[in-house]
Amino acid sequence: DAKTTQPPSMDCAEGRAANLPCNHSTISGNEYVYWYRQIHSQGPQYIIHGLKNNETNEMASLIITEDRKSSTLILPHATLRDTAVYYCIAVPISNFGNEKLTFGTGTRLTIIP
Amino acid sequence: GAVVSQHPSRVICKSGTSVKIECRSLDFQATTMFWYRQFPKKSLMLMATSNEGSKATYEQGVEKDKFLINHASLTLSTLTVTSAHPEDSSFYICSVRQSAVQETQYFGPGTRLLVL
């Protein structure tokens, strides 16, 4: 699976947009970009995923560069509850249902009041 | 997304005892469940992949005789830590997949195990 690289930490002011970058320069054409987050002492929460096109849901937007070597997760109006560790993971398109998630160290996002 | 529960949420046990952790998929039948553990200030590490009705597949370095996984139904998987020792103290988290062609995993809230 492709390796992803994220900054170890970021701060964002409450109410502002939080933009979390991820580099995945070795991603292959059959790998999705997935984002999860983990709030302290909880299980990870699925946020969003994409293959080539930009995606948006009720939680966030995902912007993937045309060459697919990097992406940005955008939380449009960050709140204190968005303070968490955010993981960007390259996940192979499933054929057999056993593809693994390999968690890196993620980005610790702190929302500042 | 899927709703996943774990029980218990936290457990304290004496060294040498066994502890069973349950993972339930509440709103769909999961053919595949995954078990992870997370040590303090570390990232999640996959322990094993559990398929309903068959033996679990363990990751390298995870002792299958110590961490017994049973996935007897499409909504329940259990992880039993046998003869637990203080070094097994960790945060154990399960996840489920909705189908074989949907890659998204949904996670349970986790179980914090403390072995004294």
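Order of the sequence lines sets the chain letters (A, B, ...), proteins ahead of strands, with each chain counted from 1. It should be emphasised that the depicted structure is a prediction, and the values quoted were computed from it without experimental measurement.
In this structure, A/Lys52 places its NZ atom where only 12 or fewer heavy-atom neighbours from other residues, nucleotides or ligands lie under 6.0 Å away. With a 6.0 Å radius and a threshold of 12 heavy atoms from other residues, nucleotides or ligands, B/Met45 has its CE atom at or below the threshold. The neighbour count for B/His85 NE2, taken as heavy atoms of other residues, nucleotides or ligands under 6.0 Å away, is above 12.
Here A/Leu101 contributes atom CG and B/Tyr36 contributes atom OH; the two are 4.0 Å apart, rounded to the nearest 0.5 Å. Taking CD of B/Gln38 as the reference point, atom OG of A/Ser41 lies at 9.0 Å (rounded to 0.5 Å). Summarising the geometry, atom CG belonging to B/Leu46 is positioned 9.5 Å from atom CZ belonging to A/Phe103; distances are rounded to the nearest 0.5 Å.
Side-chain atoms of A/Tyr46 never come within 3.5 Å of backbone atoms of B/Gln105 as a donor-acceptor pair (strictly under, hydrogens ignored). Judged purely by atom type and a 3.5 angstrom limit, B/Ser43 has no side-chain atom pairing as donor or acceptor with the backbone of A/Thr105.
Linking ILVMFWY residues whenever their side-chain heavy atoms come closer than 4.5 Å, directly or via other members, leaves A/Met10 and A/Ile74 in distinct clusters. Hydrophobic clustering (side-chain heavy atoms under 4.5 Å, transitive across Ile, Leu, Val, Met, Phe, Trp, Tyr) keeps B/Leu76 apart from B/Phe107. Side-chain heavy atoms closer than 4.5 Å link hydrophobic residues (I, L, V, M, F, W, Y) into clusters, and following such links, even through other members, never connects B/Phe39 to B/Met47.
For chain A, the nearby part of B/Ile93 is the side chain; its heavy atoms alone come within less than 4.5 Å. With a threshold of 4.5 angstrom between heavy atoms, A/Gln45 does not approach chain B through any atom at all.
Between A/Tyr36 and B/Thr104, some side-chain heavy-atom pair lies under the 4.5 Å cut-off.
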